[in-house]
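Values reported hereafter were calculated over all heavy atoms of this structure, with side chains retained and with hydrogens, waters and symmetry mates removed. A quick note: this is a predicted structure, and the numbers were derived from the prediction, not measured. In what follows, chains are A, B, ... by sequence order, proteins preceding strands, each numbered from 1.
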Number of protein chains: 6
Amino acid sequence: MSTEETKELYQEYRVEEYLPTEEPFYVAAADEIKIFEAAYQQRIPVLLKGPTGCGKTRFLEYMAHRLGQSLITVKTTPKGGDQHPLPLVTIACHEDLTGTDLVGRYLLKGGETAWIDGPLARAAKVGAICYLDEIVEARKDTTVIIHPLTDHRRILPVEKKGEVIRAHDNFLLVLSYNPGYQSALKDLKQSTRQRFIAIEFDYLPRDLEKKVIAHEGATSEEIASDLAVLGEKMRHLKEYGLQEGASTRLLIYTAKLIESGISPRRACQVAVVWALSDDPEVQQSLEETVSAIFK
Amino acid sequence: MSTEETKELYQEYRVEEYLPTEEPFYVAAADEIKIFEAAYQQRIPVLLKGPTGCGKTRFLEYMAHRLGQSLITVKTTPKGGDQHPLPLVTIACHEDLTGTDLVGRYLLKGGETAWIDGPLARAAKVGAICYLDEIVEARKDTTVIIHPLTDHRRILPVEKKGEVIRAHDNFLLVLSYNPGYQSALKDLKQSTRQRFIAIEFDYLPRDLEKKVIAHEGATSEEIASDLAVLGEKMRHLKEYGLQEGASTRLLIYTAKLIESGISPRRACQVAVVWALSDDPEVQQSLEETVSAIFK
Amino acid sequence: MSTEETKELYQEYRVEEYLPTEEPFYVAAADEIKIFEAAYQQRIPVLLKGPTGCGKTRFLEYMAHRLGQSLITVKTTPKGGDQHPLPLVTIACHEDLTGTDLVGRYLLKGGETAWIDGPLARAAKVGAICYLDEIVEARKDTTVIIHPLTDHRRILPVEKKGEVIRAHDNFLLVLSYNPGYQSALKDLKQSTRQRFIAIEFDYLPRDLEKKVIAHEGATSEEIASDLAVLGEKMRHLKEYGLQEGASTRLLIYTAKLIESGISPRRACQVAVVWALSDDPEVQQSLEETVSAIFK
Amino acid sequence: MSTEETKELYQEYRVEEYLPTEEPFYVAAADEIKIFEAAYQQRIPVLLKGPTGCGKTRFLEYMAHRLGQSLITVKTTPKGGDQHPLPLVTIACHEDLTGTDLVGRYLLKGGETAWIDGPLARAAKVGAICYLDEIVEARKDTTVIIHPLTDHRRILPVEKKGEVIRAHDNFLLVLSYNPGYQSALKDLKQSTRQRFIAIEFDYLPRDLEKKVIAHEGATSEEIASDLAVLGEKMRHLKEYGLQEGASTRLLIYTAKLIESGISPRRACQVAVVWALSDDPEVQQSLEETVSAIFK
Amino acid sequence: MSTEETKELYQEYRVEEYLPTEEPFYVAAADEIKIFEAAYQQRIPVLLKGPTGCGKTRFLEYMAHRLGQSLITVKTTPKGGDQHPLPLVTIACHEDLTGTDLVGRYLLKGGETAWIDGPLARAAKVGAICYLDEIVEARKDTTVIIHPLTDHRRILPVEKKGEVIRAHDNFLLVLSYNPGYQSALKDLKQSTRQRFIAIEFDYLPRDLEKKVIAHEGATSEEIASDLAVLGEKMRHLKEYGLQEGASTRLLIYTAKLIESGISPRRACQVAVVWALSDDPEVQQSLEETVSAIFK
Amino acid sequence: MSTEETKELYQEYRVEEYLPTEEPFYVAAADEIKIFEAAYQQRIPVLLKGPTGCGKTRFLEYMAHRLGQSLITVKTTPKGGDQHPLPLVTIACHEDLTGTDLVGRYLLKGGETAWIDGPLARAAKVGAICYLDEIVEARKDTTVIIHPLTDHRRILPVEKKGEVIRAHDNFLLVLSYNPGYQSALKDLKQSTRQRFIAIEFDYLPRDLEKKVIAHEGATSEEIASDLAVLGEKMRHLKEYGLQEGASTRLLIYTAKLIESGISPRRACQVAVVWALSDDPEVQQSLEETVSAIFK
């Protein structure tokens, strides 16, 4: 497909809003970039596992940008690729997301029913990365709909139209979920799981997290360093009644509040302690951790 | 954005009904005003926690009014701000509130389907503070819809239209909930929580509450003082079978009934005792507290 | 608002069907009339509590009639009142009553969608008393919808139209429920409760109930007296397996059957004993109580 | 209302299909006819209680016919009555019967929405007896809808139209249910129950049942007598695992099969034994009872 | 009704697709044909009970064909019969079958709503046998809808149209269910049961089943005989963990596979053993039974 | 039916998208091809049982291709066959798949309602193999709808149109499910099961699986061999907490990642270990198995 044709395709499906506007800031923890590139090269669907706020979404934004740039050099399927940025269509899954929401629906227009493609159908047509975030929240019909897009068929049956969409060569399906939430009730079925390779994520080690906090929070090296220490400590408190550790995002919020003139301990209180827990005892343990760092 | 453009935007989206008409009466308990201003400056979403009737809604009305007045002096994002009052769109959450209710829906008009923006979409477009009251009552799909509005993307995907709304620079999302109600079933997911800093509220201390009762109940200093004492005492009775303490609102009601000629003890009975509980034993304890103050 | 304008308003919203046609017969048990007048004067929402058939609905019909007559003398809010009868809009709550049923909905008319106000919206617009009977039966979304009508805002957001209705000065919201039915599952949330003062009702004392039976059942003093004694006794049998005592209504039915020529004991059997219970043992205890009075 | 007007009213609402075509055959067990007449005279709603197939529906068909004939002599409400047959609108209640089914709905006709009255609305307008059969099967919203039709208001609010129907003077509401089925889950609420007087029914005594079987089954006195004995015996077997006794209807079926040439024992087997139970042991006890009578 | 009129009626309601095309092959086990004829003569509704695949559906197809042929000699109701084949309308019941599916619905056609009769309404109008297969699977509203079609009224109220269909003289309602499946949850209510006579079915005895296998499986006497023995044995294995015995249909499948060249033991494995159970131990017992017969 | 007619039929129903484009690669484990051919010859419906990813779908694609090629030589039903490829319509079952989704629905077009055939209706009309994948996930109404397509009637009643589709001679229904998932709740009813012969599948033996991995993963004999050993070992680990063994698909993914330059152990980690389990202990056992093979 030529550059011209791709432009037209992107325009027809109004893809511009799904294109990354600038290069996302991403600090790699291991070889996840290489693994993802290999999977994309073979068009093997990918499952991202990890806790809240550890950077899964950011990683994918980075990969979409990177793969889009290098698509011309990446060995693509015989029908060829293109050097345009790769769109990323993100769908937050939840209990009420229907198959219709993903695939599309008919709407009345001037007495006629017009078909509106859902985000999954658009992603398949334009060759985007389609990212189903927190897939275990989705209803069963949603997870079943994606099956034929993940094997050699690479199709999306649109049963309401009696049609079948063949996915664009660049299309790839990516799921994410948080194994910490997983319960017997909301488990991913093996028949879905075994259609994906899996990359596990965790919070960044202290040194790398400091870099992220300093960059995103626009704060000093020193405060970033203290906050990274705080994050690390809080994740070890998990067994003391804390449901989940502090995400990097909360540490960045804290940095921003400090930069806006709030004192470090008060900033930690509202952006970390109160944000993480409602339990007075847990809050007290957290406060003590804060006091030990920000004296 | 110029004053003229803002006026037009407000007119187009019929914002006037969301603008505060007069300055709300608000008595600050701590530095919550400063914290909120810092958060708004950085456009960090805020979660307000606290018991029924302790003033969360009133606080937000006050902040919307205050920030609207000072918006020109507040350091805003590069694209600039404006000096118009800041609209406040309040949405009371409940089990049956759908994502469609928030984002918008198609309606038939003359055989055509016309799109009607939901309150969240309007708030994002005009740059309002959007306040989701009692968020834990909402269905999961509602809480998921707000995610992309709370991170660096600041977007609201409108899946039924295949569009994406980019939030206005002034837009901020605020949630509230009452940790006392929280159960395992109706907890806010960590992946939602960790997108907000949190400010905790409690009932006002006696002296400040007296001021509020006197002002809002249009009553004498003495009666206001007695009622503030009553409120404080009742909140300590909580462990004796009372589900929740008396809100400031009920104390104001009592003051108003007294001003309308009802005797203080009868006013306390209908506006506090019977309003709080159906249990004869609990009612008796409350009556005794009333008798000790209004002899 | 002038008399002429009020007439037009009532005509536009077809209020006449909600106006009391004649003065309801009401026998006061205590100072409930005075309390309600004070609450109405201050526009404080009211919650009526009490068992089935003790007269809550009748009381409200009486108050609507009385307040309508005296509205001109009652001190109203600054914008003034009027001397027309006060409409009473009654809504029986149940599990399937949706917010849409209360607020309004779109209907197709000639290819266009026309908006039809729900009873709550009409009550707010014309300045009626809106009575939500057996509120604990309602779904959560219903109870949340009324919140902004019960505080200083006095508004009803109509989310499907993107509009906000400001309540008429005469508007007041009244709820009722039966605390005997209340279970953990169907409790009124504190955040709803604490928006209302509460008036508790019980069955009338024997002497007053006799007057009501004689008047409504068009029967002799003697029979009315016997039936009032029967009612009082049956309410004490409650602990012997009877779910709820006999309402005044059933005693009036009995009087009416007697007036139609049915023997008193047979009338008591069908209108009280069989009406109250299906359990043969409970029925026998009740029959014995009947025999002791109607020998 | 004149005869001419009544005819027109009946024609407008297509009532003819609800009019009894011939006098139903009914054998009274006690003074139920007199009680019902007194209740109708006073327009007191009636609840019929009793087991399956004991004749509740037949009784009501008979009363509708009888009251229709004598309506001119019955003392009616001030606005007067008429001498036309009284229509009987029967509604079988079930879990999926909605309030809309009862009251009415909008339908599209030529691009317009036309309103279609539900059976309850039609009954209220034309002055029929409206019979809600097996009311405990109904959803809560159905039982609540009938409340204002059963007290002094005698109205049916049609919320979807924003209207109120005032019931015709001849209208009366009758419910039925089978106390044998009643469970905690499907009980009639006291606030509904206490709006009705109650008449209890049971199977006919042997001599009266014989007359019914002979008449309806078109069989000989002897066979009718044997079947009545069989019915009586089977109702005593109830404690031996039989859920409910044999209804008169099954005994009439048996008579009819015998008249069609099936041997009495085989007829009893298919029309009574197999019809009543699937349990081989229960079936054997029943067969023995049959053999004892039909040797 | 004349032959000509019947033809027109059948044509109007497109009945031809419900007419049996050729005489079904049916082997009677007892006097079920005579019983059914007597019931039909008296228009008494019939309930067919028995395990999966024992021939209930086939029996009814046979009866529809036979009664259609002899309708002229059968004594019919006064309004007369006709000698045309009797249509058989079969409805497979399931949890999601609504009353609307049975009775009919409105559909938009050219801006108008047109009414489409459901299968039950068509059957009532044209005088078909209407067969509700596996009735216990149906929702409560479905079973209630059929009540007025099964007593002296013989009507089908069409509440959405405000109409009542009077059943054609030839109409009869037949239900079936499998008592083996019956649970407390999915039992037929006595108020429904006692409207039907019941015919119990079981698997055919070995000699008769052999004849059916040979005819339908187009196989030799010898193989048919062996398979009938196998079927009989397997039904005795039921207590050893087999949920239900092998139906005649599976034995016919086996015969057909053998005729297509599969070895008898392999045919028994795929068409009986694997078809009946997933449990390895049960499968082994079944295999041993197979090996004992097909050595 | 002539070649020309078949082409037209396929064109009318847009069948081309359901036709296999190239011969699928299939390695038979036993005589499943012969059994399926015999079943198809007799048009006996088939049930495929087996674990996730063992090749059921691939087998059916192969059979559709093969039977399409040889249809001219296969003995078909009297009305004849054709030599065109046989379409395969695959429907992934899930809890929200309605009967309407399978059979078809009305859609508004220019004010008219137009009927759109569902995939099952299209398959029945054009004579495809219709494959309902993971049938136990389907709702009850779906499984009941297929019954009349699986016996001598071979019809699909379209109740919403009041029509009946007679299946094309080439049509066959095939189901699949995974007995490992089966629970009491989601079992296939015997009345459905006994309409199918069943073919059981398992993972391929090591030698055959090696061939498939080498072919599909485009990898060396040696790596394919190692991976086949790994797969075999992992399936024996099942009792140590692994819900299900590794599918052949995951082994092929591993091969592909290795071919893309990822080291074998890292490839096994993301494509097998992390893909199969979230449990750290299970993961460690799996890692040890990997290390034992890829040293």
Visitor: Scan side-chain atoms only and decide if D:Gln41 and C:Glu259 contain a donor-acceptor pair under the 3.5 Å cut-off.
Guide: no
Visitor: Would a 4.5 Å heavy-atom cut-off, applied to side chains only, mark C:Asp278 and D:Arg193 as touching?
Guide: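 SC-SC contact between C:Asp278 and D:Arg193 confirmed.
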Visitor: Does D:Asp151 come within less than 4.0 Å of C:Arg58, counting only side-chain N to carboxylate O?
Guide: no
Visitor: For C:Arg266, enumerate each residue passing the side chain to side chain donor-acceptor pair (under 3.5 Å) test, keeping only those at least two apart in sequence or located in another chain.
Guide: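 Side chain to side chain donor-acceptor pair (under 3.5 Å) list for C:Arg266, sorted by chain: C:Gln269, D:Asp31.
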Visitor: Is chain D contacted by the side chain of C:Ala246, its backbone, both, or neither, given a heavy-atom distance below 4.5 Å?
Guide: backbone
Visitor: When you check the side-chain N and O atoms of C:Glu134 and D:His147, is any donor under 3.5 Å from an acceptor?
Guide: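 Their side chains do not contain a donor-acceptor pair, so the 3.5 Å distance test is not met.
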Visitor: Taking the side chain as everything from C-beta on, heavy atoms only, tell me whether C:Val270 gets closer than 4.5 Å to D:Glu200.
Guide: no
Visitor: Checking D:Gln190 against C:Asn178 for the side-chain contact (heavy atoms from CB on, under 4.5 Å) test, could you report, in this order, the C-alpha distance in whole Å, the side-chain angles of both residues, the deciding distance, and whether it holds?
Guide: CA-CA 11 Å; D:Gln190 285 289 332; C:Asn178 181 343; over 6 Å; no
Visitor: Step by step, would you call D:Ile44 with C:Lys256 a side-chain contact (heavy atoms from CB on, under 4.5 Å)?
Guide: CA-CA 9 Å; D:Ile44 301 175; C:Lys256 283 181 172 176; 4.0 Å; yes
Visitor: Taking only residues two or more places apart in sequence or in another chain, which ones pass side chain to side chain donor-acceptor pair (under 3.5 Å) with D:Glu32?
Guide: D:Tyr26
Visitor: Give me the atom names and distance for the closest heavy-atom approach of D:Phe196 to C:Tyr253.
Guide: N-CE1, 3.8 Å
Visitor: Is D:Thr150 in contact with chain C via its backbone, its side chain, both, or neither, using a 4.5 Å heavy-atom distance?
Guide: backbone
Visitor: Could you look at D:Arg195 and say if it's the side chain, the backbone, both or neither that has a heavy atom under 4.5 Å from chain C?
Guide: both
Visitor: Check whether the side chains of D:Gln194 and C:Thr52 place a donor and an acceptor atom closer than 3.5 Å, and report yes or no.
Guide: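 The criterion, which ignores hydrogens and geometry beyond distance, is not satisfied for C:Thr52 and D:Gln194.
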Visitor: Between C:Thr254, C:Asp117, C:Leu257, which residue shows the highest count of heavy-atom pairs closer than 4.5 Å to chain D?
Guide: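 Most pairs with chain D among the choices: C:Leu257.
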Visitor: How long is the straight-line distance from CD1 of C:Ile262 back to NZ of D:Lys34, given to the nearest 0.5 Å?
Guide: 5.0 Å
Visitor: For each of C:Leu276, C:Asp101, C:Thr57, tally heavy-atom pairs with chain D at distances under 4.5 Å, and name the one with the top tally.
Guide: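 Among C:Leu276, C:Asp101, C:Thr57, the one with the most close pairs to chain D is C:Leu276.
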Visitor: Can you measure from CH2 (C:Trp274) to CD1 (D:Ile35) and round to the nearest 0.5 angstrom?
Guide: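 It comes to 8.0 Å.
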